[in-house]
Each structure stands twice: as structure tokens, then as C-alpha cells.
S.K.: 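The following block contains the structure, expressed as C-alpha cells.
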Amino acid sequence: WSKEKELVNQSFPENSALIKAHGGETSAELIDSVNIRKSVSADKNIAYLMELYVPLNLISNKDIKVVFEIYQDMTPFYEAISKNKQTVWLWTIIGSVVATLIFLGIIWNASGRIEMQTKEITRSKQDWEDTFDTITDLITIHDKDCNIIQANRSAREILNLPDLTAKSSVKCFKYYHGTEKPPVKCPNPVCEKTRECNVSEVFEPFLNRFIEIRSIPRIDKHNNYLGLIHVVRDISKKQHDEEMIQTHLNHLNALRSIDKAIIGSIDLRITLDIFLEHTTNQLHIDAASILLLNHKAQTLEYFISKGFRSTALKYTRLRLGEGNAGRAAVEKRIITISNLRENIDGFANSRFFTEESFTTYFAVPLIAKGQVKGILELFHRDLFIADQDWIEFLEAIADQGAIAIDNATMFDELQRSNVELSLAYDNTIEGWSRAMDLRDKETEGHSQRVTDMTLRIAREMGIKDEDLVHIRRGALLHDMGKMG
């Protein structure tokens with residue numbers, strides 16, 4: 001094709017591909033069987049025809065003057081594509097079905113895993129809740145405004161908590177302490193400030209028990225304070241055990257102090273004063289007194305007391321079997337009167353006794369080596385209920401008191417015997433001296449004069465008094481040979 005009439009004797013068609021080729025660009029156009037009959041006389045068997053337009057430069061002129069049009073029958077190519085298209089569609093359908101099955105399998109497998117994981121999470125949640133409710137300690141979870149938002153079974157039952165799922169606030173101090181505001185030593189502000197666990201042990205009157213409160217701060221990943229976890233343990237038994245241990249330790253120390261007093265002092269009054277001091281302190285009694293047994297008169301006589309406001313019992317003198325103390329001595333057992341105000345017969349003779357306002361009374365026999373040494377009387381101004389541990393310590397401390405009295409009595413008797421023996425010895429020596437003087441009247445009184453002179457000389461020499469006794473005896477007997 002050409003626009004030049006002299007080159008091609010044919011008009012230039014209005015064809016976009018041809019126009020583009022004339023501009024210097026190779027172009028092509030695909031036409032179907034309908035358009036083929038319009039544009040070119042072609043074989044009716046041609047279904048698809050490609051027209052290729054190639055621009056040419058003439059040697060004499062570089063401008064495009066001529067465009068060659070090349071025809072190519074594309075029918076066999078499209079028939080091959082059609083066949084391949086069916087194959088492609090078949091495999092596409094098969095692939096889609098397989099992909100769908102695979103996708104459904106993946107979904108089914110994922111659903112199974114999700115269901116298993118859901119069951120596992122549900123089971124773990126149930127295990128956690130069962131464990132949470134099985135713990136005997138009280139566990140409550142609080143927000144930062146002191147509201148209980150979750151609690152285990154023990155806390156719900158002991159604190160009598162309402163339904164926590166309701167929107168109403170459940171203040172922790174109301175159910176832990178029975179107050180309308182937080183206590184002075186509330187751990188909430190402390191934990192919010194320190195971000196550390198706080199532990200305290202207190203006696204809570206509202207719960208009527210000793211408790212250990214462990215407060216654990218709740219902190220999110222941004223270090224924001226969310227509230228507290230309260231773990232509250234009943235330590236009443238632990239506290240009771242510790243108190244019992246301390247009480248027994250105090251009892252042992254008291255008994256040891258009494259032992260030291262018995263060993264370190266020969267004065268019975270000093271020993272028994274220490275004894276009564278420990279007795280009233282350790283037994284938590286208001287007043288106590290000791291009556292000693294006079295074996296010769298067979299009477300119980302007042303000796304020492306502590307804790308009295310008056311001289312109510314200072315002149316007590318009871319026969320064995322008389323009054324409460326006399327009965328305890330005869331029966332050798334503890335006599336207890338729970339209410340002296342209704343049974344004051346044993347103290348009716350003391351006009352000051354009613355002023356003491358005593359309520360509870362104990363009469364304890366002090367027995368050593370099977371013999372009653374005295375009576376320990378205990379008085380308390382309130383009703384006093386004695387338990388077994390208290391009675392056992394009372395018996396132990398009464399034994400110590402009896403030993404103290406027995407030791408002091410034995411020492412006094414030994415001293416008395418020693419004095420009596422010394423006096424008898426001196427009287428014997430003086431008797432022998434007088435006998436010698438009676439035998440020789442010319443020297444009558446000589447031994448006594450020599451003795452007096454010897455003692456004066458010995459004192460001038462600075463000889464100790466304990467040695468003068470022996471010098472005196474020697475002087476009295478210096479002429480003993482005359483007895484032969």
C-alpha cells in the first residue's frame with residue numbers, strides 16, 4: 001500500500017493498523033471470518049486471518065512511502081488452542097475440585113484442632129477453678145478501689161460474700177473487718193506505692209481469729225496498678241501453739257528462778273517471797289498467801305502473802321481440818337471455790353476479807369516427802385476457769401514451794417541441833433571444871449580465873465571470835481590431869 005498514486009494504483013484504506021505502519025511502526029490486526037469477507041476475497045475455510053503491516057523505506061527517500069501487507073491464516077493455531085483450552089479447563093476443574101477438597105480438609109483439620117484446643121482450655125479453666133476453690137486459705141481478688149471482684153469457696157463461705165457477678169460494689173473492709181472504711185494499716189496504699197508483697201499477722205475481732213494476710217499487688221505489663229490479691233490464712237492454732245510454747249518456757253524460767261532462790265538463800269521469808277512473785281505472775285492470780293504447819297501445835301499459821309490490799313489474812317491461825325485450808329491439809333488435795341461471794345464461810349472471821357472482793361479461791365497443800373509443810377492459798381477477783389495445763393503447773397510450782405519450806409525447815413533444825421550440841425558440850429566442860437575445883441578447895445575458882453585471863457589475852461592478840469571458843473574450852477580443861 002502507498003499514498004503515492006504513482007506507486008500503487010489503489011486508494012489508501014482507512015485502516016488503523018495500516019496508518020500506524022505508514023507512520024513507521026510494524027503492526028498487526030486479527031480479523032474473524034465475517035470481517036474477512038468484507039475486506040478481502042478469501043477462502044471460506046479461513047476462520048481467523050492475521051494481517052501484518054510492515055513499513056519499507058525506499059533508497060531514494062527515507063520517508064515511509066510503501067507498506068507491505070502480509071496475510072497469515074491463523075485458523076489451525078486457534079483450533080489447537082481450542083483443543084488445549086478444553087484440556088486446560090478440564091484440569092482447571094479437576095484442580096479446583098482437588099483444591100476445594102484440600103481446603104475443606106484443612107478447614108476440617110483446623111476445626112478439629114480448634115475444638116480440641118477449646119476443650120483443653122475449658123478443662124484447664126475448670127481445673128484452675130476447682131483448685132482455686134479447693135484451697136482452704138481465703139483468697140480474694142480486689143480492684144484498686146478495694147472492691148472484691150473474685151473469691152474462692154472458702155472466702156465466700158467464711159466472709160459470707162454476696163453474688164460477685166452483680167454490679168454492686170463489695171468492699172473488702174466491710175467483709176474482712178466489719179467497718180465502713182479501710183483500716184489504718186490497710187495494705188492497699190502500701191502495695192500501690194511499693195509494688196511489693198505485704199505480709200502481716202493480726203487478731204481480727206470481726207472474724208474472731210488470728211490471721212496472716214498476704215497482699216500481692218496486681219500489675220499489668222505497663223506497670224499500672226490494678227489492685228490486690230489477698231491470701232488470708234487462719235493462724236489461730238499456730239498462734240495458740242506459740243503462746244503455749246512461750247507459756248511453758250516462762251513456767252520453766254519461773255521454776256528455775258525458784259530453784260535458784262532455794263539454793264542461794266537460807267532465809268525462808270526471802271525464798272517464799274520470790275516464790276509468791278513467780279506464782280502470781282505465771283498463774284495470773286491477783287493474790288496469794290502461805291500458811292505454814294506448826295507440827296507441835298498442829299495448826300496452820302500465816303507466814304507471808306502478796307497482792308492483798310489489807311491485812312485480811314495476816315492473823316490466820318487454823319487447826320487441821322478447819323476451814324478450806326485446814327481441809328486441804330487433811331485431805332492432801334486442791335480445794336477450789338468458784339464463787340467466794342456465795343461461800344465465804346471459811347473467811348467469815350476476817351472482817352477485812354470482804355473488802356478484797358475476791359471471787360475464785362484455791363487451797364493447795366504443800367507436800368514434801370509425803371508430809372504437809374503448809375498451804376498455798378490463791379485468790380482472784382474475777383471468775384477464773386482453770387484448764388488442765390494450769391492445774392499441772394500449779395502442782396509443779398506447789399512442789400517447789402514445799403521443797404523450799406522443807407529445805408529451810410531442815411536447815412533451821414540442823415542449826416538448832418548444832419547450837420544445842422555446842423551448849424551441851426560447853427556445859428559438860430564447865431561441869432568438869434567445877435568438879436576439879438570442888439576436889440581442891442585451895443584452888444577453888446582457879447580454872448574460871450585462868451579461863452577469863454586467857455580470853456582477855458587472846459582478844460588483845462587479835463584472835464578471831466570463832467577461835468576463842470576453842471581457847472576457852474582449853475583453858476577450862478588445862479588442869480584436867482588433876483582428876484586422876
Side-chain angles (χ1 to χ4, degrees), residues 84-176 182 186-201 207 209 211-238:
N84 291 333
K85 187 184 295 185
Q86 293 177 357
T87 304
V88 169
W89 274 109
L90 177 62
W91 282 109
T92 301
I93 293 172
I94 295 174
S96 299
V97 171
V98 172
T100 302
L101 293 176
I102 292 173
F103 181 70
L104 291 176
I106 292 172
I107 294 176
W108 178 82
N109 188 36
S111 300
R113 288 201 305 271
I114 292 172
E115 184 178 0
M116 289 178 61
Q117 291 174 354
T118 302
K119 289 181 179 179
E120 187 66 27
I121 293 171
T122 304
R123 184 166 59 252
S124 299
K125 178 177 179 294
Q126 187 62 46
D127 291 342
W128 183 88
E129 291 177 351
D130 292 343
T131 303
F132 186 60
D133 281 337
T134 304
I135 298 173
T136 55
D137 293 343
L138 281 68
I139 303 178
T140 51
I141 301 175
H142 309 177
D143 62 18
K144 61 182 180 181
D145 296 323
C146 300
N147 295 309
I148 299 176
I149 57 178
Q150 194 169 355
N152 68 343
R153 182 183 293 112
S154 297
R156 294 194 300 270
E157 293 176 353
I158 294 176
L159 300 179
N160 195 23
L161 295 175
D163 183 11
L164 298 178
T165 59
K167 294 184 178 181
S168 58
S169 61
V170 181
K171 297 297 182 182
C172 61
F173 45 80
K174 179 179 180 181
Y175 292 92
Y176 272 110
C186 178
N188 188 40
V190 177
C191 290
E192 183 175 5
K193 181 179 180 180
T194 63
R195 297 293 203 273
E196 295 178 354
C197 178
N198 181 274
V199 182
S200 61
E201 293 184 2
L207 300 177
R209 65 189 70 193
I211 57 175
E212 177 195 77
I213 304 176
R214 187 176 297 272
S215 304
I216 305 167
R218 298 170 55 223
I219 310 294
D220 65 11
K221 63 181 180 179
H222 302 296
N223 200 34
N224 295 318
Y225 181 74
L226 303 179
L228 287 177
I229 298 174
H230 258 13
V231 181
V232 179
R233 178 168 296 175
D234 186 352
I235 59 170
S236 299
K237 186 178 183 304
K238 171 191 169 187

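The model shown is predicted, which means the values in this text are computed figures rather than measured ones.
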S.K.: CG/Leu226 to NE2/His142 distance, rounded to the nearest 0.5 angstrom?
M.R.: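 If I round to the nearest 0.5 Å, the distance is 14.0 Å.
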
S.K.: Can you measure from CZ (Arg209) to CZ (Arg233) and round to the nearest 0.5 angstrom?
M.R.: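 Interatomic distance, Arg209 CZ to Arg233 CZ, rounded to 0.5 Å: 14.0 Å.
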
S.K.: Given Cys191, which partner from the list Leu228, Ile219, Ile229 fulfils the side-chain contact (heavy atoms from CB on, under 4.5 Å) test?
M.R.: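 So the option named by the test is Leu228.
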
S.K.: Kindly indicate whether the side chain of Asn152, heavy atoms from C-beta on, has any atom under 4.5 Å from the side chain of Asp133.
M.R.: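 Of all side-chain heavy-atom pairs linking Asp133 with Asn152, at least one is under 4.5 Å.
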
S.K.: Do you know the tightest heavy-atom contact between Leu207 and Tyr175?
M.R.: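 That would be CD2-O, 4.3 Å.
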
S.K.: What I'd like to find out is whether the side chain of Leu159 reaches to under 4.5 Å of the side chain of Thr140, using heavy atoms alone.
M.R.: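 With C-beta onward as the side chain, the pair touches.
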
S.K.: Can you give me the closest heavy-atom contact between Asp220 and Asn224, atom names plus distance?
M.R.: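 Answer, listing the atom of Asp220 first, then Asn224: OD1-N, 2.6 Å.
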
S.K.: Can you check whether Asn188's main-chain N or O pairs, donor with acceptor, with Ser215's side chain at less than 3.5 Å?
M.R.: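 Flag not set: sc Ser215 to bb Asn188 has no pair under 3.5 Å.
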
S.K.: List the atom of Glu212, the atom of Val199, and the distance in Å for their closest heavy-atom pair.
M.R.: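 What the structure gives for the nearest pair is CG-CG1, 4.1 Å.
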
S.K.: Return the CG to CD distance between Asp127 and Glu120, rounded to the nearest 0.5 Å.
M.R.: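 Separation between the atoms: 8.5 Å.
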
S.K.: Quick one: does any side-chain atom of Asp143 pair with a main-chain N or O of Asp145 as donor and acceptor, under 3.5 Å?
M.R.: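 Yes, Asp143 side chain to Asp145 backbone: donor-acceptor pair under 3.5 Å.
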
S.K.: When rounded to the nearest 0.5 angstrom, what is the spacing between OG in Ser154 and CD1 in Ile135?
M.R.: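 Spacing of OG (Ser154) from CD1 (Ile135) equals 8.5 Å.
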
S.K.: How many angstroms lie between CD in Gln126 and OG1 in Thr122, if you round to the nearest 0.5 Å?
M.R.: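 The OG1 atom of Thr122 is 9.0 Å from CD of Gln126, to the nearest 0.5 Å.
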
S.K.: Taking the six-membered ring for Trp, are His230 and Tyr176 parallel (under 30°), tilted (30 to 60°) or perpendicular (over 60°)?
M.R.: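 Perpendicular.
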
S.K.: Among Asn147, Ile148, Ile149, exactly one meets side-chain contact (heavy atoms from CB on, under 4.5 Å) together with Leu164. Which residue is that?
M.R.: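 Looking at Asn147, Ile148, Ile149, the match for Leu164 under the side-chain contact (heavy atoms from CB on, under 4.5 Å) is Ile148.
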
S.K.: State, with a plain yes or no, whether a side-chain heavy atom of Lys119 is found less than 4.5 Å away from one of Met116.
M.R.: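 They are not in side-chain contact.
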
S.K.: Flag yes if more than 12 heavy atoms outside Arg218 fall under 6.0 Å of its CZ atom; otherwise flag no.
M.R.: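 Buried by this count: over 12 neighbours within 6.0 Å.
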
S.K.: Which heavy atom of Val170 sits nearest to which heavy atom of Pro162, and what is that distance?
M.R.: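 Smallest heavy-atom distance, with atoms named: CG2-CG, 3.8 Å.
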
S.K.: For the NZ atom on Lys171, are there more than 12 heavy atoms of other groups (residues, nucleotides or ligands in this structure) within a distance under 6.0 Å?
M.R.: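 Atom NZ in Lys171 is crowded, with more than 12 foreign heavy atoms closer than 6.0 Å.
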
S.K.: Nearest 0.5 Å, please: how far is CZ in Arg153 from CG in Asp130?
M.R.: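 Those atoms lie 8.0 Å apart.
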
